[in-house]
Protein chains: 2
Amino acid sequence: MDMKVKEVAELVGVSIRTLHHYDQIGLLTPKEITDSGYRLYSEENLETLQQILFFKELGFTLKEIKKIINSPLFNRQEALILQRKMLIEKRKKVDKMIETIDKTIKHMAGEIQMTNEERFEGINVGFNQFEEEARRRWGNQSIDEINAKLKGMSKDEQNDLSDRWDMIFNKLACLRNQSPESQEVQATIKQWYDFLNENFSKYSLDAFYGLGQLYINDERFTKNIDQYGEGLAKLMSEAMEVFTNNQIRGGSNENNN
Amino acid sequence: MDMKVKEVAELVGVSIRTLHHYDQIGLLTPKEITDSGYRLYSEENLETLQQILFFKELGFTLKEIKKIINSPLFNRQEALILQRKMLIEKRKKVDKMIETIDKTIKHMAGEIQMTNEERFEGINVGFNQFEEEARRRWGNQSIDEINAKLKGMSKDEQNDLSDRWDMIFNKLACLRNQSPESQEVQATIKQWYDFLNENFSKYSLDAFYGLGQLYINDERFTKNIDQYGEGLAKLMSEAMEVFTNNQIRGGSNENNN
DNA sequence: ATAGAGTATTACGTTACGTTAGAGTCAATA
DNA sequence: TATTGACTCTAACGTAACGTAATACTCTAT
């Protein structure tokens with residue numbers, strides 16, 4: 001099932017060096033390394049690679065891509081949907097360029113006039129709203145950034161933050177036996193949501209949902225969170241899902257029994 | 001009418017540094033330089049820049065682009081038409097990628113199966129027939145036999161050689177409609193003969209004749225040479241035959257009408 | 001057991017600019 | 001007229017994402 005470099009390279013159409021490189025910079029680490037040092041890539045590695053190549057095609061740097069796919073907020077499905085949007089934008093851009101070429105040809109034939117702005121339409125649109133969206137969505141939100149934020153704060157401020165963080169988690173840990181939909185849990189989850197928005201960059205509801213998913217999908221998070229109490233990660237992710245659903249279905253008028 | 005760097009940069013959406021760079025490498029030299037050393041770009045410069053950006057968008061390197069737009073064979077309208085074709089191919093590629101994303105999303109939802117090949121469709125098509133066509137049409141090609149020789153030379157020497165080589169072939173390609181005996185063709189063939197003798201092992205006239213025959217008998221040569229222009233191999237081999245005959249029959253007294 | 005195809009690491013090369021740094025230029029204004 | 005602020009220049013080092021050897025180990029098939 002596992003594949004060696006050459007196989008992968010030929011399958012996806014990149015060079016072996018590229019795979020080595022991605023490994024070197026920690027962008028795509030093969031799931032396994034044999035005793036003799038051979039890289040073995042898994043199915044999951046291929047999926048990640050697919051993501052990487054999509055983002056690359058859309059003009060992101062490897063560093064950005066690394067941040068994106070390592071981000072606590074990263075959600076594969078969401079990424080795919082955004083990529084789809086971006087590709088449609090790209091197609092529009094290509095259409096614009098074709099149009100510009102057609103105009104230029106006509107212009108050369110003396111059929112029409114062209115302004116200088118017109119002749120660069122499509123070429124200069126240096127990437128659109130969705131790229132922005134993606135950067136906002138995952139780019140800024142890396143762990144490094146949180147750390148950086150912490151660095152810029154005084155000891156007291158840090159402690160304060162850390163205390164409030166702790167409080168919320170401890171509170172939730174106490175509520176582990178309750179259902180994710182319960183009033184108390186939901187109230188605390190709201191505190192968590194507000195806390196994040198207050199202290200870090202804006203979390204959209206989508207992002208918040210994605211974060212919750214991460215808590216059960218990314219082992220690093222699960223482990224960390226479950227230190228507050230066995231099963232807390234699971235509870236939180238479920239509660240966060242309920243929370244986002246309720247919010248989306250219109251303010252807070254809905255029942256959370 | 002003439003524009004300074006910043007104006008151009010803002011109009012077309014590239015950095016000032018990019019314009020400096022293009023000037024440095026001789027890709028886009030501003031039409032005029034003021035006494036104080038300011039670059040002034042003309043209308044024509046803008047047109048060239050448009051071409052450059054189109055080719056860049058289509059994945060050509062600056063070196064390739066330079067060769068293309070400096071080539072004696074270069075024709076702006078022809079280029080635009082080819083670029084149009086390439087853009088349409090690119091749109092197809094984008095469509096394919098969108099399709100792949102849709103499939104992937106469905107796949108994740110468990111609705112459909114996907115092969116590994118499928119999941120990389122659109123991403124890996126490393127650029128199509130038209131790129132090939134463009135490279136054949138204007139670009140240079142690799143001559144493996146010569147590479148060994150080139151290895152022993154410095155980079156500058158290599159480039160110099162390659163440029164002269166290119167010049168000769170391009171010149172001949174322009175003369176394709178003339179007869180092999182014509183003055184111009186024969187003069188250029190002499191340049192070719194001298195060039196070979198100067199830079200590679202001594203070509204006796206017999207050897208030169210043999211080389212000419214090779215151009216039509218060995219498909220690899222024919223293909224390579226015809227990249228400069230359809231039928232060039234045939235013309236050259238005929239012209240080389242005429243050349244050797246003339247040389248052997250004593251100096252240059254014979255007619256070459 | 002030996003060749004041939006594949007793989008690894010190391011390290012320098014390359015492309016297309018980005019990014020200062022230091023200094024001159026130009027037009028409007030005080 | 002002097003000054004200021006936006007603009008320009010060259011020079012030179014920095015960076016990203018690999019390419020391209022060079023050298024050495026590994027695996028498999030004969």
Side-chain angles (χ1 to χ4, degrees), chain A residues 2-41 45 49 52-68 123-124 126-127 139, chain B residues 2-30 32-41 49 52-68 123-124 126-127 139 142 144 147-148 150-156 158-159 162:
Chain A
D2 291 344
M3 302 168 73
K4 283 185 278 185
V5 268
K6 204 194 176 191
E7 293 178 82
V8 177
E10 278 170 1
L11 172 63
V12 313
V14 301
S15 73
I16 291 176
R17 177 68 233 262
T18 299
L19 293 174
H20 284 172
H21 185 58
Y22 289 176
D23 188 5
Q24 244 177 28
I25 65 174
L27 178 58
L28 180 65
T29 316
K31 187 141 199 177
E32 206 185 324
I33 304 255
T34 69
D35 294 342
S36 46
Y38 284 23
R39 286 171 246 264
L40 293 182
Y41 292 85
N45 284 147
L49 184 51
I52 292 170
L53 295 183
F54 268 120
F55 276 115
K56 225 189 75 181
E57 179 77 20
L58 292 168
F60 291 85
T61 70
L62 297 188
K63 198 183 278 183
E64 286 174 323
I65 297 174
K66 188 179 172 185
K67 280 203 171 190
I68 289 176
I123 318 183
N124 57 350
F127 249 124
Chain B
D2 290 346
M3 303 167 74
K4 282 186 279 183
V5 267
K6 204 194 176 191
E7 293 178 82
V8 177
E10 278 171 0
L11 172 63
V12 312
V14 302
S15 73
I16 292 177
R17 177 67 232 263
T18 299
L19 293 174
H20 284 174
H21 184 58
Y22 290 177
D23 188 5
Q24 245 176 28
I25 64 175
L27 178 57
L28 181 64
T29 316
E32 206 186 324
I33 306 254
T34 69
D35 293 343
S36 46
Y38 284 23
R39 293 172 177 80
L40 294 182
Y41 292 86
L49 184 51
I52 292 170
L53 294 182
F54 267 121
F55 276 116
K56 223 189 78 180
E57 179 77 21
L58 293 168
F60 291 85
T61 69
L62 297 188
K63 199 183 278 183
E64 285 173 324
I65 297 174
K66 188 180 171 185
K67 283 209 172 188
I68 289 176
I123 319 183
N124 57 350
F127 248 126
S142 64
D144 307 328
N147 283 346
L150 290 178
K151 262 194 177 170
M153 308 173 73
S154 80
K155 271 266 142 15
D156 282 343
Q158 281 185 34
N159 280 332
S162 166

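In what follows, chains are A, B, ... by sequence order, proteins preceding strands, each numbered from 1.
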For residues 15-24 of chain A, run the donor-acceptor check on the side chains, cut-off 3.5 Å, and write out each pair with its distance to 0.1 Å, sequence neighbours left out.
residue, atom, partner, partner atom, Å
S15(A), OG, R17(A), N, 3.4
S15(A), OG, T18(A), N, 3.0
S15(A), OG, T18(A), OG1, 2.7
H20(A), NE2, R39(A), NH2, 3.4
D23(A), OD2, R39(A), NH1, 2.5

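For K56(B), the side-chain hydrogen bond (donor to acceptor under 3.5 Å, both in side chains) criterion is met by no residue, not counting sequence neighbours. With sequence neighbours excluded, no residue forms a salt bridge (Lys or Arg N to Asp or Glu O under 4.0 Å) with K63(A). T29(A) is linked by a side-chain hydrogen bond (donor to acceptor under 3.5 Å, both in side chains) to nothing, counting only residues two or more places apart in sequence or in another chain.
Taking atom NZ on K6(A) and atom P on dA8(C), their separation rounds to 13 Å, with Å as the unit. When the P atom of dA8(C) is taken as reference, atom CG of D35(A) falls 14 Å away, rounded to whole Å. Atom CD of E7(A) and atom P of dC27(D) are 15 Å apart (whole Å). If you measure from atom CG of L19(A) to atom C1' of dA8(C), you get 14 Å, rounded to the nearest angstrom. Per the geometry, CE belonging to M3(A) stands 14 Å off P belonging to dG6(C), to the nearest Å.
Atom CE of M3(B) and atom CG of L40(B) lie 11.0 Å apart (nearest 0.5 Å).
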Practice item. Encode nucleotides 9-19 of chain D as B, S and - characters from 5' to 3', where the letter depends on protein heavy atoms closer than 4.0 Å: B to the base, S only to sugar-phosphate, - to neither. Key: SB-B---SBBB

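Counting heavy atoms from C-beta on, the side chains of I65(A) and L27(A) come closer than 4.5 Å.
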